[in-house]
There are 2 protein chains.
Amino acid sequence: MSHKLNQIFSALADPTRRDILMMLLEDDMAVTDIADPFDMSLAAISKHLIVLANAGLIAQERRGRVKWCKLDTEGMNAAFVWIQSFGQLDPINLESLEEFLAKEHLLQQSDLV
Amino acid sequence: MSHKLNQIFSALADPTRRDILMMLLEDDMAVTDIADPFDMSLAAISKHLIVLANAGLIAQERRGRVKWCKLDTEGMNAAFVWIQSFGQLDPINLESLEEFLAKEHLLQQSDLV
DNA sequence: ATATTATTCAACTAAATGGTTGAATAAAGT
DNA sequence: ACTTTATTCAACCATTTAGTTGAATAATAT
């Protein structure tokens with residue numbers, strides 16, 4: 001588990017990789033198209049994609065000669081959950097929010113983190 | 001801004017540093033006390049703390065010969081906000097949660113992200 | 001069959017990272 | 001004054017990382 005968080009956070013630490021994730025929010029993309037806007041070799045982008053895939057931040061599927069890349073929520077979720085469980089967050093205090101919602105029976109316990 | 005996210009995520013990518021942050025959830029601590037449970041030199045921990053401080057994840061204040069370390073929410077919040085703004089998250093859909101709470105007037109708009 | 005397109009592999013390089021040790025600094029206690 | 005305690009600095013080392021280039025593989029198009 002922890003070693004996956006290592007991979008996830010370290011994948012997110014690179015601005016090129018964060019940019020790629022943002023691009024994939026729009027739509028699934030082929031490797032070449034992802035590489036296009038970057039001032040960097042295709043091989044470099046290919047490596048970045050492998051890092052993202054190993055972290056569970058994207059999924060890749062080969063169709064013909066094209067390898068399609070799409071977001072995988074697993075990695076991002078793991079990061080989100082860790083930070084969330086850490087608490088101490090200004091914008092929304094999730095701990096108390098969860099407590100509140102649980103009390104109000106607005107959501108089932110199982111729906112919460 | 002982006003360069004701060006680099007520092008934050010890269011700081012979070014190391015398990016020792018994540019452990020340190022968890023320890024600081026309990027209470028503020030001196031460098032030596034933080035180092036104690038780790039099978040690692042004091043100097044190594046000192047470096048980890050500098051990385052955490054540069055990322056805005058902890059704040060350090062020297063009092064006498066002791067340097068006290070405490071959590072700084074700034075870094076964690078920045079990471080949280082980035083992931084949040086990214087959307088696509090399973091466990092709690094914050095967008096709709098915010099909308100819901102706003103509608104219900106349970107929280108003021110200004111309390112939300 | 002041949003050329004083009006999509007992607008990765010392999011070998012290399014420069015820089016960053018995470019650790020070590022021993023010495024240095026600085027404050028407090030005796 | 002001297003010693004102990006708290007922390008960092010400096011120099012070093014091994015490993016990882018992010019990039020490069022050129023060749024290799026594999027599928028599609030002509």
Side-chain angles (χ1 to χ4, degrees), chain A residues 2-24 27-70 72 75 79, chain B residues 2-24 27-70 72 75 79:
Chain A
S2 175
H3 101 287
K4 208 54 192 282
L5 279 177
N6 297 358
Q7 287 180 272
I8 293 166
F9 283 126
S10 133
L12 292 177
D14 185 280
T16 301
R17 288 192 290 259
R18 286 199 306 276
D19 284 348
I20 292 173
L21 291 174
M22 296 303 241
M23 289 165 63
L24 291 175
D27 205 357
D28 301 355
M29 293 177 83
V31 175
T32 309
D33 295 330
I34 292 174
D36 208 48
F38 293 98
D39 187 22
M40 194 183 297
S41 74
L42 192 54
I45 295 293
S46 177
K47 282 197 212 169
H48 279 305
L49 292 171
I50 288 165
V51 171
L52 288 169
N54 287 339
L57 288 161
I58 68 167
Q60 296 181 290
E61 184 199 354
R62 178 156 225 136
R63 271 204 297 280
R65 63 181 161 181
V66 173
K67 197 169 199 176
W68 292 94
C69 304
K70 64 171 179 179
D72 182 352
Chain B
S2 177
H3 102 284
K4 208 53 192 285
L5 280 176
N6 297 358
Q7 288 180 272
I8 293 166
F9 283 126
S10 135
L12 292 177
D14 185 280
T16 301
R17 288 192 290 258
R18 286 199 305 277
D19 284 347
I20 291 173
L21 291 175
M22 296 302 241
M23 290 165 63
L24 291 176
D27 204 357
D28 301 355
M29 292 177 85
V31 175
T32 309
D33 295 330
I34 292 174
D36 207 48
F38 293 98
D39 188 21
M40 192 183 299
S41 74
L42 193 54
I45 296 292
S46 177
K47 282 198 211 171
H48 279 306
L49 292 172
I50 288 165
V51 171
L52 288 169
N54 286 339
L57 288 162
I58 67 167
Q60 295 181 291
E61 185 198 353
R62 178 154 226 139
R63 270 205 296 281
R65 64 182 161 180
V66 174
K67 198 170 199 175
W68 291 94
C69 305
K70 63 171 180 178
D72 182 353

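Just so we're on the same page: letters track the sequence lines, and every chain starts at 1.
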J.: Heavy atom of residues 31-44 of chain B under 4.0 Å from DNA chain D: which residues?
T.: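 By residue number: B:Val31, B:Thr32, B:Leu42, B:Ala43.
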J.: Separation of B:Ile20 atom CD1 from D:dT7 atom P, in whole Å?
T.: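 About 13 Å, once rounded to whole Å.
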J.: Rounded to whole Å, how long is the line connecting atom CZ of B:Phe9 with atom P of C:dT17?
T.: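 Those two atoms, CZ and P, are 16 Å apart.
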J.: Please give, in whole Å, the distance from D:dA18 P to A:Asp14 CG?
T.: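 Atom-to-atom, A:Asp14 to D:dA18, this comes out as 5 Å.
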J.: Can you see which heavy atom on B:Thr32 is nearest to which on B:Leu42, and at what distance?
T.: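 Taking B:Thr32 first and B:Leu42 second, the nearest heavy atoms are CA-CD1, 4.0 Å.
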J.: Indicate the atoms forming the closest heavy-atom contact of B:Trp68 with B:Asp28, along with that distance.
T.: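 Result for this residue pair: CZ3-O, 4.1 Å.
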J.: Return the minimal non-hydrogen interatomic distance between A:Met23 and A:Asp33, and the atom names on each side.
T.: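 Looks like CE-O, 4.3 Å.
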J.: Which heavy atom of A:Cys69 sits nearest to which heavy atom of A:Leu24, and what is that distance?
T.: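 What the structure gives for the nearest pair is O-CD2, 3.4 Å.
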J.: Just to be sure I understand the geometry, which residues of residues 49-68 of chain B put a non-hydrogen atom under 4.0 Å away from DNA chain C?
T.: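 B:Gly64, B:Arg65, in order of number.
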J.: Between P on C:dC9 and CD1 on A:Ile45, what's the gap in Å once rounded to a whole number?
T.: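 Nearest whole value for this atom pair: 16 Å.
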J.: Separation of A:Gln7 atom CD from D:dT16 atom C1', in whole Å?
T.: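 Nearest whole value for this atom pair: 13 Å.
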J.: Atom NE2 of B:His48 to atom C1' of D:dT7: distance rounded to whole Å?
T.: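 These atoms are roughly 16 Å apart.
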J.: B:Arg18 side chain to B:Leu12 main-chain N or O, any donor-acceptor pair under 3.5 Å?
T.: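 Yes; judged by distance alone, with no hydrogens or angles, the pair exists.
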J.: How close do A:Leu52 and A:Ala11 get, heavy atom to heavy atom, and via which atoms?
T.: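 Closest pair (atom of A:Leu52, atom of A:Ala11, distance): CD2-CB, 4.3 Å.
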J.: Quick check: closest heavy atoms across A:Gln60 and A:Ala53, and the distance to 0.1 Å?
T.: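 Here A:Gln60 and A:Ala53 meet closest at OE1-CB, 3.8 Å.
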J.: Measure the CD1-NE2 distance between B:Ile34 and B:His48 for me, rounded to the nearest 0.5 Å.
T.: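 Going from the CD1 atom of B:Ile34 to the NE2 atom of B:His48 covers 12.0 Å.
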